[in-house]
Amino acid sequence: MNETLKRALSGAVYISLLIASILYSTESFILLFGVFVVIAAYEFCALVQISKTIPLIFVFLIYSVVTLLSYYRSESELYLNEFFGIDVRLDVDIPLLNSILLLITLFVSIKCMVLLFDDKVQSITKVSKYLYLLGYIVLPFIFITKISFGINNYNPKIIIGLFIIIWTNDTFAYIVGKSIGKNKLFERISPKKTIEGFVGGVVFAVFAGYLISKLYIRPNPNFSEKSILIWTIIALLAGVFGTIGDLIESKFKRIAGVKDSGKIMPGHGGILDRLDSVIFVAPIVFLFYQILNYVS
């Protein structure tokens, strides 16, 4: 099969599955990203060369427990009461839990950026590998599910809007970079990325954020200036930190000496290759939402 056709078909299946699961129900969305996080963790374990069985069990348990406590606490209590025959109460302070998980994720994100810019690092310590697995892989996937709930209830428009912005950024960064790109952005990590492409991607991402705000999130006559500002900032964050996330994954692959994180998507690589931008952006967007909620 022609490589371009293979890539197009693989991408179409991925996007269709993603959007369908997000729109169908909360459960299908959470389940799909549960599958994604396990696959991404498997790929990451292969990249940094650590055993897979125990880490994958850990990843599954962390994602499942946090999800159940965050969104299905009453159902979990009912099941446990019936199973054990006693009154079980899962009294968990969710805002406190979110804050702790966010602090861990942001700490690891900073550690990832230090790794990216440190040319001397050619290997990763075993402790750091497991720390990256937690804060770079598992917790960001949890925050992808959390930002889809906005302030209150599940809103598929939020996560679809974020993906559209990231796809716009990636697409136009490639088009602008290919057309007029001359100055390399980070040549030793990603030789094809250019400063012109980066700027072009961010500009078009911001424009996409404006259109999403006006036509999708709050279509007229409910369109508001506040919505423009919020989605413009989200687009700016996605453009900048999405690119950094892409470069960080490239750094891990360069250290491992591989081109792709996996082969599950023909022509595209692995799940981690497709989601490297959004997993780095998600905690930042979640933090932005928390700041908005606090201010308002």
Is it the case that the side chains of [Y] and [X] hold a donor-acceptor pair, with the cut-off being a distance below 3.5 Å and no angle test?
X	Y	result
Ser21	Ser28	no
Thr67	Ser70	no
Thr168	Thr171	no

Among all residues two or more places apart in sequence or in another chain, which pass the ring pair (Phe, Tyr, Trp, His ring centres under 6.0 Å) test with [X]?
X	value
Tyr42	none
Phe241	none
Tyr174	none
Tyr63	none

*Begin with the C-alpha distance, continue with both residues' side-chain angles, and end with the deciding distance and a verdict on ring pair (Phe, Tyr, Trp, His ring centres under 6.0 Å) for Phe117 and Phe186.*
CA-CA 10 Å; Phe117 291 102; Phe186 210 138; 5.4 Å; yes
Heavy atoms, side chains only, cut-off 4.5 Å: are [X] and [Y] in contact?
X	Y	value
Tyr132	Ile137	no
Leu272	Ile279	yes
Trp167	Ile15	yes

Tell me, please, which residues at least two apart from [X] pass side chain to side chain contact (heavy atoms under 4.5 Å, CB included).
X	answer
Leu287	Leu102, Leu106, Ile291
Asp246	Lys193, Ser250, Asp276, Ser277
Ile50	Cys45, Val48, Lys129, Tyr130

*Pairs satisfying salt bridge (Lys or Arg N to Asp or Glu O under 4.0 Å), at least one member in residues 172-186, at least two apart*: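 Of all non-adjacent pairs touching residues 172-186, none passes salt bridge (Lys or Arg N to Asp or Glu O under 4.0 Å).
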*Does Ser16 use its side chain to pair, donor to acceptor, with the backbone of Val13 at less than 3.5 Å?*
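No, because the side chain of Ser16 does not come within donor-acceptor range (under 3.5 Å) of the backbone of Val13.
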*N/O donor-acceptor pair under 3.5 Å between Asn169 side chain and Val202 backbone*: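 Looks like yes, one N/O pair under 3.5 Å.
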*Considering residues at least two apart in sequence or located in another chain, which fulfil the salt bridge (charged side-chain N to carboxylate O under 4.0 Å, His left out) criterion with Asp118?*
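Scan of Asp118 (salt bridge (charged side-chain N to carboxylate O under 4.0 Å, His left out), adjacent residues dropped) gives none.
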_According to salt bridge (charged side-chain N to carboxylate O under 4.0 Å, His left out), who are the partners of Lys253, at least two apart in sequence or on a separate chain?_
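By the salt bridge (charged side-chain N to carboxylate O under 4.0 Å, His left out) rule, Lys253 matches Glu249, Asp273.
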_Pairwise ring-ring contact (aromatic ring centres under 6.0 Å, His included) hits with a residue in residues 7-32, at least two apart_ =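 Checked against ring-ring contact (aromatic ring centres under 6.0 Å, His included) - neighbours excluded - the pairs reaching residues 7-32 are Phe29-Phe33, Phe29-Tyr154.
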*Other cluster members, Leu61 - Ile/Leu/Val/Met/Phe/Trp/Tyr, side-chain contacts below 4.5 Å*: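 Its cluster partners, ordered by chain and number, are Ile57, Phe60.
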*Please report the closest heavy-atom contact between Trp231 and Ser213, naming both atoms and the distance.*
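Scanning both residues completely, I find the closest heavy atoms to be CB-CB, 3.9 Å.
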